[in-house]
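Naming: A, B, ... by sequence-line order, numbering from 1 per chain. The basis for the numbers below is simple: all heavy atoms, side chains too, and nothing from hydrogens, waters or symmetry mates.
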Amino acid sequence: MGTPPPTPPPDESQPAGSGRRRFLGYLLAAPTLVAAAELGDWGPAAGTAQAAIPTPPQPPELYDLNDMLTDAALPTANLISVRLHSDGTASLDLPRAEVGQGITTSSAMLVAEELDLPLDKVRITLADARPELLFNQLTGASNTTISTYTPIRVAAALAKGRLLEAAAAEFGEAVSRLTGRAGVITSEGGRRATYGSLAKKAASVATKQVSVELKERSDFTVIGTPRSRIDAVDIVTGRKKFATDLRVEGALPTMVCRPPTINGTVESVRNRAEVEAMPGITDVAVVGTGVAVRGRTFGQCIDAVRALRVTWGPGSAEGKSDASVLSELRKAEIPPAVPKLGPLTKTVEGDFTFHFASNSALEPNSAVADVRSDRAEIWSGLKSPIVAQQTIAKKLGLPQDAVTVHVTEGGGSFGRKLFFDAAIEAAEISQKMGKPVKLMWHRTDDFRQGRTHPMCTSRVRATYAAGNVLSYEQRHTSISTDFTHGLGEIITRMASKLPAGNLGFAETIFTLTQQSPYRFGATTQLLSEVDQGFNTGSMRNIYSPNVRVAQELVVDRLAAGMKKDPYRFRREFLKDERALAVLEKVAEAGDWGRTMPSRTAQGIAVHPEYHGVVAALVEMDCRPETTDREVRDGVTGPRVTKVVCAVDVGLAVNPRGLEAQMMGGIMDGIALALTSSLHLKDGYFLEGSWDNYFYTRQWNTPPELKIIVMPPTTGKPGGAGELGVPAAMAAVACAYARATGTMPTTFPINHDDELAFEPEPVQPPIPQSPTDGLEHAH
Amino acid sequence: MPTHTFTLNGEQVTVEAEDDVRLLWVLRDILGVTGPKYGCGLEVCRACTSHINGKAFNPCAVRVQDVDPGDEITTIEGLADTSDQELHPMQRAWLERDVAQCGYCQPGQIMTAVAVVRKAREEGREVGEADLDAIRNICRCGTYHRIREAIVEGARNM
Ligand code: FES
Ligand code: FES
């Protein structure tokens, strides 16, 4: 691949016949046609919502986390390229991670649109770590489509233009007499050539810069139309490959015997020789996180882990419990600043606790590593592969370019795959054993030692008088969130551009993401953090679900205090037209205010973020016949019976995929509000399986679910992956409060109930697999 | 090492493995059949769900010694061959509804769905809300609603 001269990407000054904006990209010297464009968002920052006086705009309305990520991507002068092949297909090596959010499909749609090629002729692969991309290979903060929307289209449009030129030369006709459609170029003179037949002829001998116009939105035939996932057939036939499905020569199953408390350390192994002699076991090695075993099958690794007798040193949260962490948080809370006002002013307060929650995906942490004396090769689902490559190289004592990092398809992420815990551990084990390994975490380890969304509190104080809300203060206090996956470096680099000034990483992210969509006068939302003894990370958003729940519950209180209906109150105080539109949509489609039996109720909430906005209307059933349902080893309780969600992301590239993201976000919101959390006791989490950690199950899902994708508004895609969770969680909380007459203050609401399961022991650290599966065949 | 013989996706296989190794690892680690996924190894998440003699079961909870030579094991890879079309009606319904997100749970979901429909039919009825509510398979991506729609649709063509 040639190196193009450095040039600012959009050439907005260039006059063009149509008066339309032209975009610059490159044709790359290659044996077949390759067109490329620089990564990054090329438009001005969106989010220019009109802020109403007297509520001055909050930072995220002017410049948010996504703007920072796209700006960070801008000056890297590195390319995303579309390649045409002789078989008529086009391919794109996407420097992002697919973990279920559908970006391979939406990226293929962008290529298909501008290239006028059928969608099934576009292949998307996930790029290995490309260190030259610097800050531009991070999949997070729902940023992928925002940052790749223009460059992918520019590259595809350039390729199309080049194909037309090649065909014109071939036919001896002017380009203006040619059209390209469905992978074929036809001329008015009746000549015809497939893209495949032109792929080599259209190749460029030298790398050069060219400009191109993009399609008008009114000409789109692919973007904005509902499409199914491009990997759907591979999924339903079992062919889709995740990290542990790969066959890498010599990479045998490997597991780690982990400490009984969070981040405990190995002092000694008492029966190493005995375990090495167990059936199937090939190696035992002490590593930083525990004792690794490698064997013929994972089943034999489980046996070996259980057989190991290890003396453990203390961990990083020794002796801690939910109660002790809560008192740490209490001590760190920043008090509100607005003084008690005159006698005519009323105050509403809320004080909420959100417990630790696991961001464990269904695919546990896993990675394949083959480390040799002079090089290493890693395979894993990674959202920050460059940082992974750098960190692994350092750990192994190898130069960065001796470490090849392959990004595999991920079985869910929710924040987990921003980190590379399995990849770095697999590399260490492979180096110690001198053999390739296929590392998989046991489910129990994934809950107990894996990353969590940190426990936090949110305190709110709002004041109102004479029909106006005068002030809104929110103080969010959290166990530290780990940002050492690359976002931290981005913040350091972008510090001078940030409106928030010189804050720490976490405070910067908080300031860039948290906004109040309401005209509530003097508004401040602040974060403070404590305690770095936990393995933390984001979880389908960092702060928003909890901040939003606290705010929406207080909004309902304000409405009650001012004797207003919760929906009408929100309509009156929302700042932004788009927020208003989604709110009105769900109220209408969900029949807000309909008469419902006692102990059932509706709740409504709205959430703006990432240049998008979503509203949710929830119906909740808290009648005893529902809450007392019995499910073996499951949690029932109140049931969400209906959700209506309306979402406006500016422009939905793939409405079907967007609906899927909202559906997933709603299921997360229900879980976080009602059933799913980790219980900390004596320095470890009690949960060890999916029948302990109660993520939403079929018996908790709303029988009725309606998702409405709003027509395009801004014309530019916003983020979608995380958007649904806060609105859904908040609407569930509000509906629960209205159904029961009690505002919940602890989340999930069942956290302090009697434990619904018998915790597995911590030594041995993982339970044995049952043997009675045939008795349960059905 | 002991050998074990059974029918896997229509073909007879013989494999060497210690008696107590769970069938999931025999399939995945020894035979390279990776459609059934690991999500817990505790008969909880159901990501490994496959069929034994047409019934859904979890191979993570069955020792290979307990599988008899006459037993027919079907994994997601062999499901289509149990129908007379290129894909099983339940797989087609999954495509029709675009159910999958990351896809990790979906082989298990589809194998469970087929068994749930068969069981209801054996009891002389169609799948209803109560059957859907009783499905234990985890989907951490939260595709539950489309799963419900797809099962009802797939049942129609089964
Ligand atoms: S892996 Fe078999 S049920 Fe979870
Ligand atoms: S699709 Fe990802 S776990 Fe179900």
Practice problem: Please test B:R28 against A:T244 for side chain to side chain donor-acceptor pair (under 3.5 Å), starting from the C-alpha separation and ending with a verdict. | Solution: CA-CA 9 Å; B:R28 289 184 54 88; A:T244 55; 3.2 Å; yes
Quiz item: Which region of A:T771, side chain (C-beta onward) or backbone (N, CA, C, O), has a non-hydrogen atom less than 4.5 Å from a non-hydrogen atom of chain B, or is it both or neither?
Solution: both
Quiz item: Can you say whether A:P702 sits under 4.5 Å from chain B via the side chain, the backbone, both, or neither, judging by heavy atoms?
Solution: backbone
Practice problem: Measure the OG-CH2 distance between A:S769 and B:W25 for me, rounded to the nearest 0.5 Å. | Solution: 7.0 Å
Exercise. Pick one of side chain, backbone, both or neither for A:E704, based on which atoms fall under 4.5 Å of a heavy atom in chain B.
Key: backbone
Practice problem: Would you check, one step at a time, whether the test ring-ring contact (aromatic ring centres under 6.0 Å, His included) holds for B:Y38 with A:F298? | Solution: CA-CA 10 Å; B:Y38 166 87; A:F298 279 109; 7.4 Å; no
Practice problem: Could you grab the distance from atom CG of B:L23 to atom CD of B:Q65, nearest 0.5 Å is fine? | Solution: 12.0 Å
Quiz prompt | Heavy-atom contact with chain B under 4.5 Å, split by part of A:Q768 | solution = both
Quiz item: Looking at A:K240, A:R227, A:K241, A:R656, which one has more heavy-atom pairs under 4.5 Å with chain B than the rest?
Solution: A:R656
Practice problem: Against chain A, label B:V44 side chain, backbone, both or neither, depending on which of its atoms sit under 4.5 Å from a heavy atom there. | Solution: both
Practice problem: Before accepting this row, confirm whether a basic side-chain N of the pair B:E129/B:R148 lies closer than 4.0 Å to the acidic partner's carboxylate O. | Solution: yes
Quiz prompt | Interface residue of largest heavy-atom contact number with chain B, from A:Q101, A:E98, A:R247, A:R632, under 4.5 Å | solution = A:R632
Quiz item: Passes salt bridge (Lys or Arg N to Asp or Glu O under 4.0 Å), A:E659 versus B:R146? Steps please.
Solution: CA-CA 11 Å; A:E659 279 176 29; B:R146 286 188 183 174; 3.7 Å; yes
Quiz item: Is the Lys NZ or Arg CZ of B:R140 less than 6.0 Å from the centre of A:F414's six-membered ring, within 45° of the axis?
Solution: yes
Practice problem: Under 4.5 Å heavy-atom distance to chain A, tell me which part of B:L132 shows up: side chain, backbone, both or neither. | Solution: backbone
Quiz item: Checking heavy atoms, do the side chain of B:A56, its backbone, both or neither come under 4.5 Å from chain A?
Solution: both
Quiz item: For B:C40, is it the side chain, the backbone, both or neither that has a heavy atom under 4.5 Å from a heavy atom of chain A?
Solution: both
Quiz item: Would a distance-only check, ignoring hydrogens and angles, find a side-chain to backbone donor-acceptor pair under 3.5 Å from B:D98 to B:L95?
Solution: no
Exercise. With a 4.5 angstrom heavy-atom cut-off, could you sort out which part of B:M90 is near chain A: side chain, backbone, both or neither?
Key: neither
Practice problem: Among A:N365, A:D445, A:D446, find the one that has a side-chain hydrogen bond (donor to acceptor under 3.5 Å, both in side chains) with A:S360. | Solution: A:D446
Quiz prompt | Close side-chain approach of B:R136 and A:W699, heavy atoms under 4.5 Å | solution = yes
Quiz item: Given a strict heavy-atom distance threshold of 4.5 Å, which part of A:D633 is in contact with chain B: side chain, backbone, both, or neither?
Solution: both
Quiz item: So does B:E86 have more than 12 non-hydrogen atoms from other groups sitting under 6.0 Å from CD?
Solution: no
Practice problem: Tell me yes or no: between the side chains of B:R46 and B:Q109, is some donor less than 3.5 Å from an acceptor? | Solution: no
Practice problem: Please flag which part of A:Y695 lies under 4.5 Å from any non-hydrogen atom of chain B: side chain, backbone, both or neither. | Solution: side chain
Quiz prompt | Which atoms of B:L87 approach chain A - backbone, side chain, both or neither, heavy atom under 4.5 Å | solution = side chain
Self-check item: Contact origin within A:P253 toward chain B - heavy atom pairs under 4.5 Å
Solution: side chain
Quiz item: Considering only heavy atoms, which portion of A:S358 lies under 4.5 Å from any heavy atom of chain B: side chain, backbone, both, or neither?
Solution: backbone
Quiz prompt | Region of A:D245 that comes under 4.5 Å of a non-hydrogen atom in chain B | solution = both
Quiz item: Measuring heavy-atom distances to chain A, does B:I110 have an atom under 4.5 Å in its side chain, in its backbone, in both, or in neither?
Solution: side chain
Quiz item: Taking every heavy-atom pair that is under 4.5 Å apart, which of A:M667, A:E363, A:K438 has the most such pairs with chain B?
Solution: A:E363
Quiz item: So which of B:C105, B:A134, B:A100, B:G78 has the biggest tally of heavy-atom pairs under 4.5 Å with chain A?
Solution: B:A100
